[in-house]
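This report concerns only the one structure given below.
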2 protein chains.
Amino acid sequence: MTARTGPQAIATQEVPLLGRFTQQRALVLEAFIEAEEAEGFVSAQSLHTRLAAADAPVGLSTVYRTLSALAEAGRADVIRDMHGERLFRYRPGSDHRHYLICTQCGVSVALDAVAVEKWAAGVARTSGFTAVQHTVELTGICPDCGPSAGGSSGG
Amino acid sequence: MTARTGPQAIATQEVPLLGRFTQQRALVLEAFIEAEEAEGFVSAQSLHTRLAAADAPVGLSTVYRTLSALAEAGRADVIRDMHGERLFRYRPGSDHRHYLICTQCGVSVALDAVAVEKWAAGVARTSGFTAVQHTVELTGICPDCGPSAGGSSGG
DNA sequence: TTCGTTGCAAAAGGTTTGCATACCA
DNA sequence: TGGTATGCAAACCTTTTGCAACGAA
């Protein structure tokens, strides 16, 4: 399919949603997509740190602004961890998704949540509420991090 | 039904979970329970403000500490609003609950979420994840706050 | 050239913590 | 009397914002 030649290729081909194309946005986007493939959700802070470590420093504000724009455009899912930090995950498609996230390593798995969607729709109908939106987050410990994975974490 | 004679009565009878009994904790508890009955979720900040307005000032730190202890003991549900603020709701029982919250007035409705519980349990089984926990939050606009409030509540 | 974007740093907003004092048990 | 809870204020963290300079179209 597409031969990626660098940040620009990714940005221009896959996410033509942002206003003006800049080197910084391409960098953030690239790191964001890589993070999605590797571990799922990431925070703006960690993305910022990662970029700096990768010798591609981008201002923290810019990371926030890019990620927020992405979320606004529906190209990213946003959740909050127990600490209150916002975590972003790149979303290739544009449909609503739910995830199961490992609390140990951060890896996330997209879920087939038809049952939840139906339930939520039913609640919306019977409650009299309008503009009902739902947030569903599952967390747990993935097989790789589990107690029987040669793990050393007591629990 | 018990005849409540004041904060102490509530605290000692219903929530013997905190370490030492103090006037402040009783006050926070009373306000917290009242808030639960009236509107559901409240933030520590608003509870603090409310107490001050009710001529029963309690330090903000104390409100936070009491609410956190309650949540820790399983006597309160905690969620985060879109702003990142933590919202608490008193929970008389000790079972796991889910709510539908009005984004306009903050009123919340406890939901019968058996369908979600089952789904979550199924996901836990098929995913290989262990210690799976779930967060489900529904938000919307209640009939009273809806566009046709005062008229017909769409169903 | 134009005007959106960047980056720094300070501000904002909520939550936690340190420490001396007050008070329950 | 002993030890815990309180309260103030400062610390912390993440996120947002103001503004001058930069650079993509």
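Quick note: numbers below take in every heavy atom, side chains included, and nothing from hydrogens, waters or symmetry partners. Every chain is numbered from 1 and lettered A, B, ... according to where its sequence line falls, protein lines coming before strand lines. Nothing here was measured: the structure is a model prediction, and the numbers come from that model.
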Nearest heavy-atom pair of A:S127 and A:A124: which atoms, and what distance?
OG-O, 3.4 Å
Let me check something: do B:L67 and B:L27 share a hydrophobic cluster, defined by ILVMFWY side-chain heavy atoms less than 4.5 Å apart, either directly or through other members?
yes
Check whether A:V116 and A:I79 end up in the same hydrophobic cluster, where Ile, Leu, Val, Met, Phe, Trp and Tyr are linked by side-chain heavy atoms less than 4.5 Å apart.
no
Once each nucleotide of nucleotides 2-12 of chain D is scored for protein heavy atoms under 4.0 Å, what B/S/- sequence comes out, 5' to 3'?
BBBSBBBB---
What integer distance in Å separates B:E85:CD from D:dT14:P?
18 Å
Expressed in angstrom and rounded to an integer, what is the separation of A:R80 atom CZ from D:dT14 atom C1'?
9 Å
Close residues, residues 40-53 of chain B, relative to DNA chain C [heavy-atom separation under 4.0 Å]
B:Q45
Nucleotide range of DNA chain C contacted by chain A, 5' to 3', under 4.0 Å to a heavy atom?
C:dC3 to C:dA9
Listed by chain and number, what are the side-chain hydrogen bond (donor to acceptor under 3.5 Å, both in side chains) partners of [X], not counting sequence neighbours?
X: A:H98; result: A:H96, A:E117, A:H134
X: B:E34; result: none
X: A:T135; result: none
X: A:R65; result: none

What residues form a side-chain contact (heavy atoms from CB on, under 4.5 Å) with A:R80, not counting sequence neighbours?
A:R86, B:R80
Could you pull out every donor-acceptor pair under 3.5 Å between side chains of residues 50-63 of chain B and any protein atom, sequence neighbours left out?
unit_1 : atom_1 : unit_2 : atom_2 : d
B:R50  : NH1    : B:E39  : OE2    : 3.0
B:R50  : NH2    : B:E39  : OE2    : 3.2

Side chains of A:T49 and A:S46: any donor to acceptor distance under 3.5 Å?
no
All N/O donor-acceptor pairs, side-chain side in residues 101-110 of chain B, below 3.5 Å, sequence neighbours left out:
unit_1 : atom_1 : unit_2 : atom_2 : d
B:T103 : OG1    : B:G140 : O      : 3.4
B:S108 : OG     : B:R89  : NH1    : 2.2

According to ring pair (Phe, Tyr, Trp, His ring centres under 6.0 Å), does anything in residues 99-120 of chain A pair up with another residue at least two apart or in another chain? List the pairs.
A:F41-A:Y99
So if I take the C1' atoms of five pairs at each end of the helix from C:dT1-D:dA25 to C:dA25-D:dT1 and get each local axis, what angle do the two axes make, rounded to 10 degrees?
30°
Within this structure, what is the CD1-CD distance for the pair B:I141 and A:Q133, rounded to the nearest 0.5 Å?
9.0 Å
